[in-house]
Amino acid sequence: EAQARAELARLAAEIGRANEAYHTLDAPEISDADYDALKQRNAAIEARFPDLKRADSPSTQVGAALAEGFGKIRHEVRMLSLENAFAAEDVADFEARIRSYLGFEGPLLYTAEPKIDGLSLSLRYEGGVLMQAATRGDGEMGENVTENARTIADIPATLSNAPEVLEVRGEVYMSHADFAALNARQQAAGEKTFANPRNAAAGSLRQLDPQITAARPLRFFAYSWGALSAPLAETQIEAIACLHRLGFQTNPLTRLCQGPEALLAQYRAIEAQRATLGYDIDGVVYKVNDLALQRRLGFRSTTPRWAIAHKFPAELAWTR
Ligand SMILES: NC(=O)n1nc(-c2ccco2)nc1N
């Protein structure tokens with residue numbers, strides 16, 4: 001018990017430091033794999049000793065402290081993180097948990113979406129006009145990066161035929177080619193270079209000066225939504241198609257799959273193409289396709305019950 005309590009304290013401190021470096025300073029100190037391992041260790045000890053769970057437990061926090069200097073925006077609909085799966089049997093478990101939660105025996109369709117390794121962004125359109133853009137922050141409050149988002153070509157300033165209120169959520173990312181060119185420019189100018197495209201994207205979006213963001217090659221894939229004055233569709237796959245029709249980039253590798261075997265097949269198909277995409281992905285996100293079932297499944301404290309991120313094995317240090 002005493003040993004478990006001490007280890008939980010050490011893990012909370014170490015994960016807290018890693019969060020600060022990754023989310024607030026955009027300069028991670030440990031690899032994603034090591035971070036995931038710390039989180040899993042913490043969850044395992046909490047499962048074994050539930051009454052030792054700390055008030056500041058890393059398993060009940062999303063993101064990290066907001067950086068200074070940005071206005072704050074409260075998300076009408078919380079921006080969540082995703083539960084991770086690492087092994088094939090975790091996918092069958094995912095379906096089993098859904099079936100038992102819903103008491104549902106029928107066929108279950110999912111979307112399998114490449115998990116873009118960037119930073120999430122929420123775009124609020126009112127009357128088809130981009131009014132606000134906010135980072136995820138801690139899931140409840142994000143940083144106001146509206147003027148920065150306006151400089152990203154993939155993000156439309158106005159939409160036609162959009163619902164009166166539409167929040168589009170997706171990932172800001174940088175391609176490998178743009179990342180290499182940016183680092184070369186930074187080096188030539190005696191400026192700091194970035195460790196990997198995710199840091200470069202986060203460091204470029206979270207600039208207090210939008211002119212700096214404007215000079216950075218940022219891209220955006222839309223994959224979800226937040227507040228809506230009218231539903232986009234009745235299924236995840238149709239909602240993504242609707243975002244595409246509205247003018248957003250959506251990922252062409254997203255597929256509709258029935259059951260764990262089909263999900264694993266798509267996971268392997270996406271992993272096989274990973275090296276040729278030209279941008280970083282770190283897994284595949286499986287989501288229940290039927291939005292009525294998503295609503296019935298709802299959320300846990302920080303993650304939806306209707307989605308899971310099946311991570312790829314950690315790659316060698318960023319070497320591309
Ligand atoms: N990162 C990424 O590509 N994501 N993230 C989600 C997500 C996060 C929470 C709900 O959905 N979906 C996709 N494709």
Side-chain angles (χ1 to χ4, degrees), residues 36 39-40 43-44 46-48 50 53 57 59-62 75-116 120 122 136 139-140 163 166-171 222-243 250-251 253-270 283-311:
D36 284 342
K39 295 269 282 191
Q40 280 192 42
E46 286 180 351
R48 175 88 176 67
K53 181 169 177 177
S57 160
S59 58
T60 56
Q61 284 174 345
V62 167
H75 298 297
E76 237 180 270
V77 174
R78 280 189 306 157
M79 288 184 81
L80 294 156
S81 55
L82 289 165
E83 190 179 339
N84 288 335
F86 294 95
E89 59 268 16
D90 298 340
V91 185
D93 291 350
F94 173 52
E95 169 148 312
R97 285 201 307 269
I98 288 168
R99 289 193 178 285
S100 73
Y101 190 90
L102 293 172
F104 183 76
E105 309 279 319
L108 269 174
L109 286 175
Y110 305 85
T111 57
E113 308 175 12
K115 187 171 178 297
I116 314 302
S120 40
S122 185
R136 184 174 72 182
E140 307 263 358
L166 166 64
E167 285 181 358
V168 175
R169 289 173 175 184
E171 204 84 358
Y223 52 66
S224 190
W225 56 92
L228 287 175
S229 55
L232 293 175
E234 293 183 352
T235 64
Q236 185 74 23
I237 199 77
E238 286 168 7
I240 291 171
C242 181
L243 292 174
T250 56
N251 197 284
L253 294 177
T254 294
R255 291 290 181 281
L256 197 53
C257 300
Q258 178 167 344
E261 304 70 33
L263 288 173
L264 285 169
Q266 187 57 15
Y267 172 88
R268 286 190 287 271
I270 291 173
V284 179
V285 183
Y286 306 141
K287 299 176 186 174
V288 170
N289 188 49
D290 182 312
L291 298 189
L293 290 184
Q294 281 192 16
R295 283 188 289 276
R296 280 176 53 195
L297 286 159
F299 302 92
R300 299 186 197 86
S301 59
T302 61
T303 56
R305 286 193 192 85
W306 44 265
I308 200 161
H310 188 175
K311 305 294 280 287

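Residue E238 holds its CD atom at 8.5 Å from CG of L291, rounded to the nearest 0.5 Å. In this structure, the separation between CG on D90 and NZ on K311 is 12.5 Å, given to the nearest 0.5 Å. In this structure, L108 CG and L293 CG are separated by 6.5 Å, a value rounded to the nearest 0.5 Å. Between the CG atom of N251 and the CD1 atom of I270 there is a distance of 7.5 Å, given to the nearest 0.5 Å.
Judged as a side chain to side chain donor-acceptor pair (under 3.5 Å), not a single pair has a partner in residues 254-268 (not counting sequence neighbours). Annotation: ring-ring contact (aromatic ring centres under 6.0 Å, His included) contacts involving residues 83-110, sequence neighbours excluded, comprise F94-Y110.
The two atoms that bring E46 and S59 nearest to each other are OE1-OG, 2.7 Å, heavy atoms only. L80 and T302 make their closest contact through CD2-O, 3.3 Å (heavy atoms, listed as atom of the first residue, atom of the second, distance). Heavy-atom minimum distance, A239 versus W225: CB-CZ3, 3.4 Å. Of all heavy-atom pairs between T250 and A222, the closest is CG2-O, 3.6 Å. Taking all atoms of both residues into account, the shortest heavy-atom contact from E171 to I116 is OE2-O, 3.3 Å. When all heavy atoms are compared, the tightest approach of C257 to A112 is SG-CB, 4.0 Å.
Not counting sequence neighbours, the partners of R300 by the salt bridge (Lys or Arg N to Asp or Glu O under 4.0 Å) test are E83. Legend: residues meeting ring-ring contact (aromatic ring centres under 6.0 Å, His included) with Y286, ordered by chain and number and at least two apart, are H310. Every salt bridge (Lys or Arg N to Asp or Glu O under 4.0 Å) that E140 has, sequence neighbours left out, goes to R74. Remark: E76 pairs with R124 by the salt bridge (Lys or Arg N to Asp or Glu O under 4.0 Å) rule, at least two apart or across chains.
Other residues, nucleotides and ligands place no more than 12 heavy atoms under 6.0 Å from the CD atom of E234.
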- Task: Show your working on side-chain contact (heavy atoms from CB on, under 4.5 Å) between D290 and L109 and close with a plain yes or no.
- Result: CA-CA 7 Å; D290 182 312; L109 286 175; over 6 Å; no
Kindly determine whether R97 and R305 satisfy side-chain contact (heavy atoms from CB on, under 4.5 Å), including the steps that lead there.
CA-CA 9 Å; R97 285 201 307 269; R305 286 193 192 85; over 6 Å; no
Give the intermediate values and the outcome of side-chain contact (heavy atoms from CB on, under 4.5 Å) for residues E113 and I240. CA-CA 10 Å; E113 308 175 12; I240 291 171; 3.4 Å; yes
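Using a distance-only test at 3.5 Å, with no hydrogens or angles considered, a donor-acceptor pair links the side chain of H75 to the main chain of R136. Remark: side-chain polar atoms of N289 are not paired, donor with acceptor, to backbone N or O of T111 under 3.5 angstrom. Judged by distance alone, with hydrogens and angles left aside, the side-chain atoms of Q294 form a donor-acceptor pair with the main-chain N or O of V288 at under 3.5 Å.
Within the 4.5 Å cutoff, the side chain of L228 has heavy atoms near those of the L166 side chain. Taking the side chain as every heavy atom from C-beta outward, T60 and K53 approach each other to under 4.5 Å. Inter-residue side-chain proximity for P163 and L232 is flagged as met; some heavy-atom pair is nearer than 4.5 Å.
Test S224, S120, S122 against R169 for side-chain hydrogen bond (donor to acceptor under 3.5 Å, both in side chains) and you get one pass: S122.
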